[in-house]
Q: 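Take a look at the following structure, please.
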Amino acid sequence: MSHLIEINGLKKTFPVYGKTGKIFSQKEYMCAVDNLSFYIEEGETYGLVGESGCGKSTTGRAIVGLTKADGGSILYKGKDLCKLNDKQFRPLRKEIQMVFQNALSALNPRRRIGDILGEILEIHGMKDADERREQVIETLKKVGLSEEHYFRFPHELSGGQVQRLGIASALIIGPRLIVCDEPVSALDVSIQAQILNMLIELQKELRISMLFISHDIGVIRFISDRIGVMYLGTLTEEASTETLFANPLHPYTKMLFDAVPDPYITNREFHALTGEQPVRTQAFQGCAFYNRCPYASDRCKIETPEFKEVESGHKVACHMVS
Amino acid sequence: MMQENKKEIESMQDPILEIRNLRVLFPVHKKWLPAVDGVDLTIQPGEITGIVGESGSGKSVMSQSVLRLRDHDTAVRYEGEILFEKENLLKWSLKQMRNIRGNRISVIFQDPLNSLSPVHTVESQLMEVLILHKKISKEEAKKKSVQMLKMIGIPNPENCMKKYPFELSGGMQQRVMIAIALACEPKLLIADEPTTALDVTIQEQILYLIQDLNKKLGMSILFITHDLGAVSNLCHSVKVMYLGQIVEDAKTEELFTHPLHPYTKGLLACIPHLAVERRKELPTIPGSVPSLSHIPEGCHFCTRCHEADERCRKMPPPVVEATPGHTVKCWKYAEGGKKNEVGV
């Protein structure tokens, strides 16, 4: 297997306005993603997990080209996606697609489903209307919808069906990589299971790679081959799913896993206080997790821990683990 | 400690809230459709009762009817009784209701930012409840507000008082909501998906807070969620709702160790929890919750139940007490049903 996509030192900053609250004061920047590196292999599912605000969605959007990265590179088939302009990016859109959390807002409410999906094909060069129609119906069937949905509007569908449609619109032009940004978070568990089963089935059939972004540890574990745990814009730990769950090393990973409510453990005592994620500024130094870490020492405050491999395929950024 | 707490609850007699055969109907196309269809529920003082169900199962409508929150914006019809400390809330005027809201019964919602006023500071929102209900002076209210924020675990409460809700993080907003809800020391707290919008670590903190406050203040909590994990960790007893009806009702441990209703079993099976085999097909509940205008004639769950037979489709099932304290609304456990399966 070769690396389908390789992300090296990705960086994305957003301006925040000065602490005085004045609009015209000196701009400050917060780093949504900082020095993030990982790769996805052909046919693999890579899971990105972390709390909201840790930059997992920004990473996904940078890969699809919805946000311009400020630094680093995204190598796809030898091309650096960060350096392409819109026109050069367009042919690659066909190969890298995205599934959003709220599919209903990602679909045009005034157009029929057949038109929405057909338009994607038209833009990517399928001129024959009959051919388009055929392909649309085929894709609808693939995601568990049927021909009768062709003339319906998105709002007529239930939550699960809309998400199926969102997946259909990503799959219809035959991508190599799909970025799934919290595709099941808004769904009920029974529907969530249906969608997860379908994604796995489709992935096997079409041999696509997936970047699966979620804050739900159970879901991430279920679907991913390898997992990256993100905190405050960087990876804190990365390993294959089995290794990560058998032997989590980073204190943040442990904390995250401990907080997962398990329906089969009744009357568990909750933990009191673990703090919250701070904002990362550019002048940031030390370990990102410093203020919440139970094992933090003075060294963690000053020195940024290196993201290094402790065993084959298992990387951790922590001074305490060596 | 939890065990002792449970025994205490069982020994107490007078329930704080009693809902009897409640139906809540909304007009759709000139017909009255029941969003809540015959719910019975009792909450003892100090008890945490969990209600689980998918979206559209009527759990929020039911909890909102306790405070009659729907009366203002929609046509709504109530049938049955909601007895709070033996008084039927459905017979009360809206003026009387206003006295009870936020005072003796409080509610916290899923999205704190939508429930808090964006143009008032935390201070004025917290003090408003106290001044309105407790009729105390501004100074006293201010002192009490700071105390509340401290109890809720907000670092530097004086500073927080001066802030607007949007300046706070999601977890902090939810804490402020809880502080407002608890300011008047209510007898009953309705928590409508209070942690759904939060991260797991923040959820952990909020659940800890709710559990802690329940122990300290001894108030009853009606905890509504779709997250079975949160319920099992927090609640003393759990009710599973489907399409406006309670289909199963048991003590928490009993429900999770011996789920009886096919819906409960299905819900539990389709969670990808940490012991499930990876990438292996998850069991699902086929289809989705039907809309109110398409409620099936017999058992509400029959369209999605793989064990449904002719009788389930024709006649609504009775509520059966399978084991003491564990009731289930299913033909499977009724007299003359497949009785030998009870308790398996």
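Just so it is clear, the values below take in all heavy atoms, side chains as well, and ignore hydrogens, waters and symmetry mates. Chain identifiers are assigned alphabetically (A, B, ...) following the order of the sequence lines, protein sequences preceding nucleic acid strands; residue numbering begins at 1 within each chain.
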Q: Run Val176(B) and Ile154(B) through side chain to side chain contact (heavy atoms under 4.5 Å, CB included) and show every step you take.
A: CA-CA 9 Å; Val176(B) 170; Ile154(B) 288 180; 4.0 Å; yes

Q: Given Lys204(A), which of Leu202(A), Ile200(A), Leu206(A) fulfils the side chain to side chain contact (heavy atoms under 4.5 Å, CB included) condition?
A: Ile200(A)

Q: What is the distance from atom CG of Leu207(B) to atom CD1 of Ile202(B), rounded to the nearest 0.5 Å?
A: 11.5 Å

Q: First locate atom NZ of Lys150(B), then atom CD1 of Ile152(B), and finally report the distance between them rounded to the nearest 0.5 Å.
A: 13.0 Å

Q: Counting heavy-atom pairs under 4.5 Å to chain A, which of Pro283(B), Ala269(B), Gly287(B) comes out on top?
A: Gly287(B)

Q: Quick check on the interface: out of Thr45(A), Asn197(A), Val189(A), who has the most heavy-atom pairs with chain B under 4.5 Å?
A: Asn197(A)

Q: Which bit of Gln203(A) comes within less than 4.5 Å of chain B, counting heavy atoms only: side chain, backbone, both or neither?
A: side chain

Q: Can you name the closest pair of heavy atoms from Glu54(B) and Lys59(B) and give their distance?
A: O-NZ, 3.3 Å

Q: Give a yes or no on whether the backbone of Glu253(B) and the side-chain of Thr257(B) come within a donor-acceptor separation of less than 3.5 Å.
A: yes

Q: Please look at Glu277(B) and chain A and tell me whether the side chain, the backbone, both or neither of the residue comes under 4.5 angstrom of a heavy atom of that chain.
A: backbone

Q: Please flag which part of Phe222(A) lies under 4.5 Å from any non-hydrogen atom of chain B: side chain, backbone, both or neither.
A: both

Q: Taking only heavy atoms into account, what residues of residues 231-243 of chain A are found under 4.5 Å from chain B?
A: Thr241(A), Glu242(A)

Q: Nearest heavy-atom pair of Ile167(A) and Val99(A): which atoms, and what distance?
A: CG1-CG1, 3.9 Å

Q: Once you round to the nearest 0.5 Å, how far does CD1 of Ile221(B) lie from CG of Asn214(B)?
A: 4.5 Å

Q: Under a 4.5 Å heavy-atom cut-off, does chain B meet the side chain of Ser52(A), its backbone, both or neither?
A: both

Q: Just give me the residue among Gln161(A), Gln194(A), His215(A) that pairs up with chain B most often, heavy atom to heavy atom, under 4.5 Å.
A: Gln194(A)

Q: Any idea which heavy atoms bring Asn247(A) and His314(A) closest together, and the distance?
A: O-CE1, 3.2 Å

Q: On a heavy-atom basis, which atom in Pro194(B) and which in Leu198(B) lie closest, and how many Å separate them?
A: O-CD1, 3.8 Å

Q: Could you tell me which non-hydrogen atom of Thr303(B) sits nearest to which non-hydrogen atom of Pro290(B), and how far apart they are?
A: OG1-CG, 4.3 Å

Q: Under 4.5 Å from any heavy atom of chain A, what part of Pro155(B) do you find: side chain, backbone, both or neither?
A: neither

Q: Angle between ring planes, His261(B) versus Tyr263(B), binned at 30° and 60°: parallel, tilted or perpendicular?
A: perpendicular

Q: Against chain B, work out which of Leu196(A), Asp216(A), Asp225(A) has the most heavy-atom pairs shorter than 4.5 Å and name it.
A: Asp225(A)

Q: From Glu248(B) CD over to Thr264(B) OG1, what is the distance, rounded to the nearest 0.5 angstrom?
A: 3.5 Å

Q: Determine the option with the most heavy-atom pairs under 4.5 angstrom with chain A, choosing from Val276(B), Leu274(B), Thr284(B).
A: Leu274(B)

Q: Given heavy-atom pairs under 4.5 angstrom as the criterion, report whether the side chain, backbone, both or neither of Ile223(A) touches chain B.
A: both

Q: Just verifying a value: how many Å separate Asn233(B) CG and Leu228(B) CG, rounded to the nearest 0.5 Å?
A: 11.0 Å

Q: With a 4.5 angstrom heavy-atom cut-off, which part of Asp212(B) approaches chain A: side chain, backbone, both or neither?
A: neither

Q: Could you pull out the closest heavy-atom pair between Lys162(B) and Thr121(B), with the gap in Å?
A: O-CG2, 3.6 Å

Q: Once rounded to the nearest 0.5 Å, what's the spacing between atom CD of Gln192(A) and atom CD of Gln163(A)?
A: 11.0 Å

Q: Determine the option with the most heavy-atom pairs under 4.5 angstrom with chain A, choosing from Ser55(B), Ala275(B), Ser288(B), Ala230(B).
A: Ser55(B)

Q: Quick check on the structure: residues of residues 163-172 of chain B within a heavy-atom distance below 4.5 Å of chain A, by number.
A: Ser169(B), Gly171(B), Met172(B)

